[in-house]
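Worksheet for the structure shown next.
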Amino acid sequence: MGNSFTCISHKEEQRPTKSSAGRGKGRGSNTRKYMRRLSLSCSGSSSTSSSKKGVIKPKKKIRERHHQDHDKNSHIIQEQTLAATNLLFNQTPRNSNYVAPPGFRRSTSSSGGSGPVSAVQSPKKSTCGFVRTSSSRRKSSVNPELKKVEASETKRFVLVHGGGFGAWCWYRTITLLEKHGFQVDAVDLTGSGVSSTDTNNITSLAHYSKPLINFLESFKPSEKVILVGHDFGGACMSYAMEMFPTKISKAVFISAAMLVNGQSTIDLFNQQLGLSDLMQQAHIFLYANGKKNPPTAVDFDGSLLRDFLFNQSPPKDLALASVSMRPFPFAPVVEKLHVSEKNYGSIRRFYIKTMEDCAIPVPLQDAMIKLNPPEQVFQLKGADHAPFFSRPQSLNRILVEIAKLPFKKSS
């Protein structure tokens with residue numbers, strides 16, 4: 001877990017160079033012709049309003065003709081502007097940070113056919129380079145961002161990172177949820193991210209989860225949040241659910257430790273017979289108190305980060321993780337969780353499975369779901385152990401969908 005929150009785009013920004021500008025010769029010349037015609041039309045329209053040296057007061061008919069010509073020219077200019085902008089918009093590289101002007105928003109429709117110029121069909125990949133996942137749900141013609149928060153029970157998300165990570169790992173998720181109008185907070189657990197605590201000195205789940213507990217304690221009794229936990233953050237989230245059942249509207253486990261009462265995270269992994277060689281090789285145990293005593297922390301082998309955690313993630317996010325991840329404490333991993341049906345059991349739980357996960361394989365995720373069934377299970381195809389990197393758009397859609405689920409009255 002890093003000591004900084006760095007926002008890195010999925011692909012490098014590509015600025016057009018002289019050599020690249022010459023590749024699309026035909027298209028580039030067409031653009032210049034459009035722009036020349038556009039400038040000439042603009043200058044021509046402005047000249048109609050100017051008079052000669054002798055100021056002559058126009059008659060009523062001349063004035064009416066002038067207005068008609070001006071309206072006609074304005075209409076032509078508007079059409080040429082639309083055409084020129086459309087051409088320029090289509091020439092913009094997919095990796096560019098170009099933002100279309102108002103009225104030229106990229107269409108999210110996947111249907112074929114030509115539409116109005118102001119609704120330019122987007123390519124199969126989004127501007128970040130992520131392939132859009134197929135969905136059987138009907139696409140809405142209305143901007144969904146305007147409605148999603150209104151239908152939600154709460155507008156606030158609290159994100160809890162996993163072991164070795166930090167609040168920095170949620171940067172894409174934070175951005176996407178905020179675009180939908182949600183308030184989003186990501187906490188650094190003790191010894192993680194910007195926390196100055198030595199991980200080797202953390203001796204309990206309560207100590208490790210303290211920043212999350214302090215944060216939830218600051219809320220008013222009437223305030224509710226949607227708690228989202230990843231990896232070992234699921235155990236911390238469960239600990240908080242037991243303490244603040246009235247402040248948590250829903251709990252979302254993303255490839256996370258979803259434990260039952262009296263179970264520890266290490267118990268969970270011990271149930272998974274025949275751990276892969278990769279899983280064993282990827283973990284490095286740290287012994288701050290000497291090897292005669294239990295480990296104090298667990299680190300990851302940097303050379304195996306991609307294969308173990310980020311096998312589907314973009315290279316830049318792998319680079320971010322490689323300089324930001326920190327060891328996570330060992331004591332909370334072996335501590336048994338104590339939760340009750342009255343508190344923990346009263347909160348609606350949802351599980352998001354990551355289907356290309358090497359750290360918490362699908363069989364282990366299925367075992368947790370079977371032992372402790374949530375209200376609903378979602379699948380993220382093509383997602384590794386870090387879906388906030390490998391499938392951020394798809395993850396965001398699921399989180400918004402969960403947030404929109406109507407309030408469930410207790411029987």
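Keep in mind that what you see is a predicted model, and the values were worked out from it rather than measured.
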(request) Using the test side chain to side chain donor-acceptor pair (under 3.5 Å), find all partners of T296 that sit at least two apart in sequence or belong to another chain. (result)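 So T296 forms a side chain to side chain donor-acceptor pair (under 3.5 Å) with N200.
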(request) For R306, enumerate each residue passing the side chain to side chain donor-acceptor pair (under 3.5 Å) test, keeping only those at least two apart in sequence or located in another chain. (result)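 So R306 forms no side chain to side chain donor-acceptor pair (under 3.5 Å) with any residue.
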(message) Against H385, only a single residue in S313, S255, S390 fulfils side chain to side chain donor-acceptor pair (under 3.5 Å); can you say which?
(response) S255
(request) Could you tell me how the ring of F219 sits relative to the ring of F215: parallel (under 30°), tilted (30 to 60°) or perpendicular (over 60°)? (result) perpendicular
(message) Would you call the rings of F232 and Y208 parallel, tilted or perpendicular, taking 30° and 60° as the class edges?
(response) parallel
(request) Report yes if the side chains of Q263 and L371 come closer than 4.5 Å at any heavy-atom pair, otherwise no. (result)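 Yes - at least one pair of side-chain heavy atoms lies under 4.5 Å apart.
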(message) I need the full list of ring-ring contact (aromatic ring centres under 6.0 Å, His included) pairs touching residues 335-358, with sequence neighbours left out, sorted by first then second residue.
(response)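 Counting only pairs at least two positions apart or across chains, no ring-ring contact (aromatic ring centres under 6.0 Å, His included) contact touches residues 335-358.
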(message) Under a 4.0 Å threshold between the charged nitrogen and the carboxylate oxygen, would D267 count as salt-bridged to K336?
(response) yes
(request) Output yes when E375 and R349 qualify as a salt bridge under the 4.0 Å nitrogen-oxygen rule, no when they do not. (result) no
(message) Whether the D188 and S195 side chains hold a donor-acceptor pair (N or O, under 3.5 Å, no angle test) is what I'd like checked.
(response) no
(request) Using side chain to side chain contact (heavy atoms under 4.5 Å, CB included) as the criterion, point out the one residue from V334, V333, L337 that pairs with L205. (result) L337
(request) Tell me whether the centres of the aromatic rings in H283 and F300 are closer together than 6.0 Å. (result)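 Yes, the ring centres sit under 6.0 Å apart.
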